[in-house]
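Everything numeric in this text was worked out from a predicted model, so none of it was measured. For ligands, and for the atoms within them, numbers begin at 1 and follow the listed sequence.
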Amino acid sequence: MTDLARLVSDIAAEMAACSERGTVASYIPPLARIDPRQFGLCVVLADGTVHQAGDSEQPFSIQSVSKVFALTQALGKIGDALWRRVGREPSGTPFNSIVQLEREQGIPRNPFINAGALVVADVNLAGHAPKLAIGELLRFVRYLADDETIVIDEAVARAEQETGFRNIALANYMRAFGNIRHAPELTLGVYFHQCAIAMSCRQLAMAGRFLMQGGSHGRQAARVVSPQRARRINALMLTCGHYDASGDFAFRVGLPGKSGVGGGILAIAPGKASIAVWSPGLNANGNSMLGTLALERLAEATGWSVFAPSGQA
Ligand code: GLN
């Protein structure tokens, strides 16, 4: 067993033994039902080696982690014009907050809070029927992960739709400013379905490889985005990926990361690893409690950090 393989299984064993696991999201029944004792971790290295432990093959609702893939898709469609409709600053507010929108004329602070992700979904919807826009994102994620078995959990999508009153309010409010261009229910349909994509830690870590590898896909030369765009997406993940706990995540882990209320986190050690972790119990900011702790352990033990001198192990 290599040192890293041992580390990954040691971290999973430590997390399995933790009694303080946070609180599972309860706003929709399909998430409220999830067993909080689960924990999965998968590390994909730049050479393609995969290390995984715990419940790393168990699909979970990726929720807001999907915002990374949707943003990548929207940038591919309209490039830097996106930044006229959404900002690039940390919000310092919870993921579903509405307070800044009035003062800032319906322009969300960043693409990773819900308001920003709704604008991104609206961009991805342009020129498509909602079903086709969702299909395009799902195909993109399957391509990134090299895995045709990834699906959308329709029960989750339906429940999001039935209970998504805050998101419905955000979309309508931005429609009033002209920053949602379609009928809000269509844009919301795209957003709710992207939240309901189900992936395992292994699939998610595989899908994140392009961000570890300067924009290229897998071991082939195929380019998903330019190196500059990969750097910029990583920068947004670092500064905005954990909402009002983004500073704390940068302090504790030191890597770009994007969390979701399903308990998943995708973290990127540029040039070194694409990492996915999942534990459904959340902390007060809606980020996976043990997922964050596991990444903190992994970063500390490996020295992986965007703040470390380059070349460090
Ligand atoms: N579906 C959730 C919402 O829109 C996603 C939020 C999240 O994962 N932080 O409220």
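The aromatic ring centroids of His217 and Tyr143 lie less than 6.0 Å from each other.
Contact annotation: Asn96 has no heavy atom less than 4.0 Å from any atom of ligand 1.
For atom 2 (C) of ligand 1, the closest non-hydrogen atom on the protein side is Gln63 OE1, 3.2 Å. Looking only at heavy atoms of the protein, atom 4 (O) of ligand 1 is closest to Tyr191 OH, 2.7 Å. For atom 3 (C) of ligand 1, the closest non-hydrogen atom on the protein side is Asn114 ND2, 3.4 Å.
For the pairing with Ile150, the side chain to side chain contact (heavy atoms under 4.5 Å, CB included) check across Met206, Arg142, Arg139 returns one residue only, Arg142. When Asn285, Asn287, Asn283, Thr292 are each tested for a side chain to side chain donor-acceptor pair (under 3.5 Å) with Ser259, only one passes: Asn287.
Contact atoms of ligand 1 toward Cys195: 1 (N) (distance under 4.0 Å to a heavy atom of the residue). Each of the atoms 8 (O) of ligand 1 lies under 4.0 Å from some heavy atom of Gly260. Every atom of ligand 1 with a heavy atom of Asn167 under 4.0 Å away is listed here by number and element: 3 (C), 4 (O), 10 (O). Heavy-atom contacts of Tyr27 reach the following atoms of ligand 1: 1 (N), 2 (C) (cutoff under 4.0 Å).
Residue contacts with ligand 1: Tyr243 is placed with a nitrogen or oxygen under 3.5 Å of a nitrogen or oxygen of the ligand (distance criterion only). An N or O contact shorter than 3.5 Å links Val261 to ligand 1 by distance. Polar contact check, Ser64 against ligand 1: a nitrogen or oxygen pair lies under 3.5 Å apart.
A donor and an acceptor atom, one from each side chain of Tyr191 and Asn114, are located under 3.5 Å apart. The closest side-chain donor-acceptor pair between Ser226 and Gln228, if any, does not fall under 3.5 angstrom.
Considering only residues two or more places apart in sequence or on other chains, Phe210 meets the ring-ring contact (aromatic ring centres under 6.0 Å, His included) condition with none of them.
A pairwise comparison of heavy atoms in Pro36 and Pro280 identifies CA-CG, 4.0 Å as the closest pair.
The residues Arg175 and Glu185 are annotated as not salt-bridged, no charged nitrogen and carboxylate oxygen being separated by less than 4.0 angstrom.
For Arg166, no heavy-atom contact with ligand 1 is shorter than 4.0 Å.
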